[in-house]
Amino acid sequence: MDPAVESWREILAPQALDLCLLTAFLALAFVSFFRKSVALKYVTLVASVGYLGFAKSSLVSVSDVFRLTDLSVPEFKYSLAWYAFMLFVVFSTVLWGRVYCGRVCAFGALTQLLDPIIPRKWRFEIPVRVEKYANLIKYAILAAVLVYFLITHDVALPVRYVEPFWMFSLFGTTGMWVGLGVLLAATLIVRNVYCRFLCPVGAALGIISQLTTVFSIKRWSECRTCKICEKTCEWGAIRGPKIVKSECVRCDDCERLYMDQKKCPHWLILFKRKGNTAVPVSTLS
Amino acid sequence: MRKKLVALALSLCCGAVVAAAADRIFTTANPATELKRLFPAATAFSTLTGEPLHFTAYAADPKVTPATPPLGVAFWTTDLVPQEHGYHGPIHILVGMDMTGVLTGVVVTYDSEPYGYFSVEPPKFATQFKGKKIGDPFRVGGDVDVVSRASISIASATRAIRDSARMAAKQLLAEAAK
Ligand code: SF4
Ligand code: SF4
């Protein structure tokens with residue numbers, strides 16, 4: 001009858017399944033990231049939409065950025081899975097950049113899975129010149145919702161009208177669904193439009209990765225002139241010789257290209273010099 | 001380099017607003033309508049006093065008829081269990097309880113849960129607590145409905161109601177029985 005009579009067993013039992021599934025999913029995300037495997041990446045994306053999205057509806061939301069201002073967090077012992085998830089997001093972003101956006105976030109995963117729906121030629125590619133500035137829109141949105149939150153302390157409006165993550169809970173008004181429809185239609189034409197230009201969470205993670213990324217992507221000296229990767233990057237993160245850390249989501253597309261001894265000029269030039277056609281992979285890097 | 005500076009400036013701004021985000025109290029100062037909903041038969045309520053803080057409901061104004069027995073008590077979860085946080089901050093719930101430890105109802109007046117609109121805000125959540133005894137299990141998934149995808153909010157609100165009611169019963173009902 002006393003308020004605090006719960007044993008650890010009573011506290012842990014309801015969370016056990018949740019914790020196991022989350023751990024399994026995050027492990028899958030990590031393995032697919034380190035193996036640089038395309039197949040595993042798609043498995044992760046589908047798992048993200050199904051599990052993290054529709055089943056759990058637990059994504060990093062702009063309200064999690066708000067909590068940095070009032071330091072209000074859920075109770076630890078009752079929300080172990082949530083803490084594990086947030087730790088994963090922060091650590092992975094500090095170490096590798098926006099890995100979260102590349103394969104964990106269910107909305108980002110959904111938009112990536114939408115890619116093959118329409119043929120490439122119907123897509124609109126934003127010119128690099130415009131993209132450079134359009135990228136900044138998300139920071140403006142982040143600043144705007146932060147100010148809005150600090151003035152009103154209202155979480156509900158940004159969560160419903162600024163970000164689309166509520167869609168996985170399936171609770172929305174007609175207006176919200178129409179807005180989402182427009183956004184997804186736009187995503188078909190301009191790839192990952194929400195993630196690249198609008199998402200305040202992506203902006204926040206972008207700031208962290210810009211300041212901290214420990215393990216950045218290697219570039220060859222040939223990257224200065226070669227444009228293959230720049231054209232391949234679906235996130236507009238490669239500009240000339242440089243990778244913009246805050247835009248890169250560690251999708252591995254360019255890293256696979258660097259290793260491709262048939263496409264990447266780095267290898268082609270190397271072979272020409274050496275006069276043979278292949279080097280063992282173990283001597284790379 | 002410029003990018004880095006911009007990023008640094010942005011994070012500094014974020015830091016600065018932490019200071020600006022001063023405490024704001026959202027508790028309804030005079031919950032007259034909410035109290036009336038919890039105790040429709042009551043005609044008079046005391047002010048919010050006592051240890052723990054509570055309102056007392058009376059069938060007749062005790063100033064006129066001093067011997068009138070209390071119908072029950074009402075209290076804020078945020079006063080009794082302030083440490084209880086949902087997904088984002090405390091959920092403000094006014095709980096009504098009769099003098100035998102049976103809940104006469106609960107009213108959720110404020111929350112800042114991102115998914116509050118389909119978890120703790122719909123009346124469906126509050127109504128299931130009416131008639132619950134303080135000794136009931138209050139188990140989400142048992143005698144309290146699960147709302148998947150908003151489990152942190154539902155679990156927190158349920159704990160807040162359970163713990164505050166048990167706390168109030170322990171201190172106030174024993175007192176009234178004397
Ligand atoms: S940018 Fe936003 S929506 Fe896109 S993957 Fe990152 S967090 Fe998710
Ligand atoms: S292609 Fe390379 S630079 Fe572009 S997002 Fe993927 S990993 Fe980052």
Side-chain angles (χ1 to χ4, degrees), chain A residues 1-6 10 14-15 18 54-58 61-75 78-79 81-82 136 139 142-143 146-147 149-151 153-156 158-160 163 165-166 168-173 203-204 206-211 244-246, chain B residues 3-4 6-11 13-24 26 80-81 83-90 101 110-119 121-122 134-135 139-142 146-153 155-156 159-160 162-167 169-170:
Chain A
M1 283 273 288
D2 263 328
V5 285
E6 285 161 310
E10 280 170 296
Q15 302 185 66
D18 201 18
F54 287 111
K56 203 167 140 63
S57 234
S58 138
S61 140
V62 71
S63 68
D64 295 308
V65 181
F66 295 162
R67 71 172 88 247
L68 296 177
T69 68
D70 55 13
L71 301 179
S72 168
V73 286
E75 274 194 70
Y78 299 112
S79 330
W82 184 82
L136 301 176
Y139 297 99
L142 174 64
L146 258 179
V147 168
F149 172 73
L150 287 172
I151 294 170
H153 281 241
D154 172 33
V155 177
V159 163
R160 276 180 250 180
E163 60 185 21
F165 306 143
W166 57 267
F168 294 105
S169 73
L170 304 177
F171 288 90
T173 57
I207 293 174
I208 303 180
S209 63
Q210 186 72 33
L211 293 174
V244 184
K245 278 190 209 158
S246 53
Chain B
K3 259 262 154 99
K4 270 213 167 142
V6 171
L8 198 65
L10 263 172
S11 21
C13 286
C14 293
V17 285
V18 175
D23 269 2
R24 274 179 53 148
F26 290 94
L80 271 66
V81 284
Q83 75 285 358
E84 183 58 63
H85 276 214
Y87 191 79
H88 184 238
Y110 173 83
D111 71 88
S112 49
E113 303 296 286
Y115 289 160
Y117 71 103
F118 65 76
S119 58
E121 284 161 30
I134 49 166
R139 221 183 52 243
V140 179
V146 195
V147 177
S148 59
R149 309 180 184 111
S151 49
I152 291 184
S153 311
S156 162
R159 283 195 305 271
R162 176 195 68 187
D163 294 350
S164 62
R166 289 178 181 175
M167 201 166 166
K170 202 167 156 194

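All of these numbers come straight from a predicted model, not from anything done at the bench. Throughout, a chain's letter reflects where its sequence line sits, starting with A, and its residues are numbered from 1.
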Colleague: I'd like to check the ring-ring contact (aromatic ring centres under 6.0 Å, His included) partners of Phe165(A); sequence neighbours left out, ordered by chain and number.
Modeller: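 If we apply the ring-ring contact (aromatic ring centres under 6.0 Å, His included) test to Phe165(A), skipping adjacent residues, there are no hits.
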Colleague: Side chain, backbone, both or neither: which part of Ser112(B) has a heavy atom under 4.5 Å from chain A?
Modeller: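 Contact with chain A is through both the backbone and side chain of Ser112(B).
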Colleague: For Trp166(A), does its backbone N or O pair with a side-chain atom of Arg149(B) as donor and acceptor, under 3.5 Å?
Modeller: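 Absent.
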Colleague: When rounded to the nearest 0.5 angstrom, what is the spacing between OH in Tyr87(B) and CD in Glu75(A)?
Modeller: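 Nearest 0.5 Å value for the OH-CD distance: 15.0 Å.
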Colleague: Where do Ser63(A) and Pro114(B) come nearest, in terms of heavy atoms and distance?
Modeller: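 It is OG-CG, 3.4 Å.
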Colleague: Tell me if the aromatic rings of Tyr110(B) and His153(A) count as close, with their centers under 6.0 Å from one another.
Modeller: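 No, the ring centres sit 6.0 Å or more apart.
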Colleague: State which residues pass side-chain hydrogen bond (donor to acceptor under 3.5 Å, both in side chains) with Ser57(A); sequence neighbours excluded, sorted by chain then number.
Modeller: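 None.
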Colleague: Can you tell me if Tyr117(B) uses its side chain to pair, donor with acceptor, with the backbone of Phe171(A) under 3.5 Å?
Modeller: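 Yes: the side chain of Tyr117(B) pairs with the backbone of Phe171(A).
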Colleague: Between Arg139(B) and chain A, with a heavy-atom cut-off of 4.5 Å, which part of the residue counts as in contact: side chain, backbone, both or neither?
Modeller: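 Neither part.
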Colleague: Is chain B contacted by the side chain of Ala81(A), its backbone, both, or neither, given a heavy-atom distance below 4.5 Å?
Modeller: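 Contact with chain B is absent: no heavy atom of Ala81(A) under 4.5 Å.
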Colleague: Sort Asp64(A) into side chain, backbone, both or neither according to what part of it lies under 4.5 angstrom from a heavy atom of chain B.
Modeller: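 The side chain, not the backbone.
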Colleague: Measure distances from Ser169(A) to the heavy atoms of chain B and classify the residue's part below 4.5 Å as side chain, backbone, both or neither.
Modeller: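 Backbone plus side chain of Ser169(A), per the 4.5 Å heavy-atom cut-off to chain B.
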Colleague: Kindly assign one of parallel, tilted or perpendicular to the pair His88(B) and Phe149(A), based on the angle between their ring planes and the thresholds 30° and 60°.
Modeller: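 Taking Phe149(A) first and then His88(B), their aromatic rings sit tilted (interplane angle of 30° to 60°).
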Colleague: Sort Val62(A) into side chain, backbone, both or neither according to what part of it lies under 4.5 angstrom from a heavy atom of chain B.
Modeller: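 Interface part for Val62(A): neither.
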